[in-house]
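Read through the structure below, which is laid out as structure tokens, and then see the notes.
First the proteins, then the strands, lettered A, B, ... as listed; each starts at 1. Note that the structure is a prediction, hence the values are computed from the model and not measured.
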Number of protein chains: 2
Amino acid sequence: MIKVLVVDDEPQIARALRINLSAHGYEVTTAADGAQALRAAAAVVPDLVVLDLGLPDMDGSEVIEGLRGWSKAPILVLSGRAASAEKIAALDAGADDYVTKPFDIGELLARVRAATRRSGPGSESPVTAIGPVTVDLAAREVRKDGEEVRLTPTEWQLLEVLLRNPGKLVSQRELLHRVWGPNYDRETNYLRQYMAQLRRKLEADPARPVHLLTEPGMGYRFRP
Amino acid sequence: MIKVLVVDDEPQIARALRINLSAHGYEVTTAADGAQALRAAAAVVPDLVVLDLGLPDMDGSEVIEGLRGWSKAPILVLSGRAASAEKIAALDAGADDYVTKPFDIGELLARVRAATRRSGPGSESPVTAIGPVTVDLAAREVRKDGEEVRLTPTEWQLLEVLLRNPGKLVSQRELLHRVWGPNYDRETNYLRQYMAQLRRKLEADPARPVHLLTEPGMGYRFRP
DNA sequence: TTCGGCCGTCAAGAACGCGTCAAAGGTGTC
DNA sequence: GACACCTTTGACGCGTTCTTGACGGCCGAA
């Protein structure tokens, strides 16, 4: 989840921002003055900072410089002052954007999206570990003892359904529907066929599976 | 020198921007409409684009998407429209900043500085090495054993999508969408054709590719 | 014990997808 | 207008994958 630090001394604005940002899936921390802001930034390490310039204890550029000393997170400045000199000062101090109050909340969210989009995609994909095997669903990559394992498209689909329901029993019907389509209900021989192939490729001892389990009469289960 | 592409159909504004930006040490190219803009962008590969939305031939978001297809350069939008919906649309299309006319030239320059500051030092030499081949995405230059290799525009787009997802499998659908547009879903013969050309130009042994790999039935993958 | 259901395994032909070659449109340049 | 280059389109051989059918083992029920 993307972490946003909101710095504003006016409680109603801070509250409005917290509500709107949370509603859009951001994890929000708030601070009411510059000192709090710097402390909070060090604690939570935000991915983006929304900073009101009219703080009681410090000048806006001081806060920006304090953050820029160690963080590269985008800083989006809010301010009641529309004078160009103010904007220029803030931007040159290290801010990434400058919005004057009153502002449209939709526009602010769009600017937040634009700012996070730039720095965002530096994350790696989650990897599922199955004993000696690692599965990277996003990259579509399977490794067994470091060696690359090739799966066919159908094998991938089947494995993906199981891995996305870890520990849960998935009925044969659901597996058939999600891999082969809604018209397949009774072709359990397909499942037998492909589960065997998956076990052959992923399990240490395919005859005695530990992670890709059969529940006779019901379906199959992936145990992490 | 930082290269800026200015796109504006009003000559006086384009001229004013050119003069001001040049005076501050930027290398400026101008374009008067969307088609010119996209062609100029492909030719000079700018580090930043200043884009007026009121172009005669194309919609603003089209231009933005056309650029975003292959370039990560910051896009600073100029517009006479102050409506929030316009701003949100432009920002979500891929723009980095939105300034309403009339604007203060000092503020614009500050926003240009802020935008270039981000991408400037952060973007470490984006040269990708593929065995005996080096690819410089920013400079649009490919060298094989020191010799320069020429790629067509389509080849560039395809290669860029793959290189920006190192190790990750990119589905044929996504490749078609990002290179040919959202209306192409099943034209996998295009992919076969152009992947073969890329391998012929980049791989040491095009018949046995090591870096541009096929995942049958799924897509293609670039392995560093 | 015998029977029937269910699962794992093996082995075939059928169908599909990929790489390749060749050639026809389209666009800009000289 | 001729030319070169790039894109689009069609067709073919080949390897892989999918589909389908059949067989034997295990287990619970009769």
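- At D:dT7, one or more side-chain N or O atoms of B:T152 fall inside 4.0 Å of OP1 or OP2 (strictly under the cut-off).
- Straight-line distance from the CZ atom of A:R186 to the P atom of C:dG5: 14 Å, rounded to whole Å.
- The pair B:E155-B:K201 counts as a salt bridge, with a side-chain nitrogen and a carboxylate oxygen less than 4.0 angstrom apart.
- Within the nucleic acid shown, B:R150 comes within 4.0 Å of sugar-phosphate atoms alone, with no base atom in reach, counting heavy atoms only.
- Between B:Y190 and D:dT8, a side-chain N or O to OP1/OP2 separation shorter than 4.0 Å is absent.
- With salt bridges taken as basic N to acidic carboxylate O contacts below 4.0 Å, none links B:K3 and B:E27.
- We find that CD of B:Q197 is positioned 11 Å from C1' of D:dT8, with the value rounded to whole Å.
- The distance from atom CH2 of A:W156 to atom C1' of D:dC18 is 19 Å, rounded to the nearest whole Å.
- Annotation: side chain of B:R164 is in contact with side chain of B:K72 (closest heavy-atom distance under 4.5 Å).
- The number of heavy atoms from other shown groups lying within 6.0 Å of CD (B:E147) does not exceed 12.
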Expected string for nucleotides 17-30 of chain C under the B/S/- scheme (protein heavy atoms, under 4.0 Å, primed atoms plus P, OP1, OP2 as sugar-phosphate) is SBBBBB--------
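- Summarising the local packing, CZ of B:R143 is surrounded by more than 12 heavy atoms from other residues, nucleotides or ligands at distances under 6.0 Å.
- In this structure, A:W180 does not reach the D:dC18 phosphate: none of its side-chain N or O atoms is under 4.0 Å from OP1 or OP2.
- Rounded to a whole Å, the OH atom of B:Y194 is 7 Å from the C1' atom of D:dT8.
- The salt bridge (charged side-chain N to carboxylate O under 4.0 Å, His left out) analysis of residues 214-223 of chain A, with sequence neighbours excluded, yields the pairs A:E215-A:R221.
- Distance, A:D205 CG to C:dG8 P: 14 Å, rounded to whole Å.
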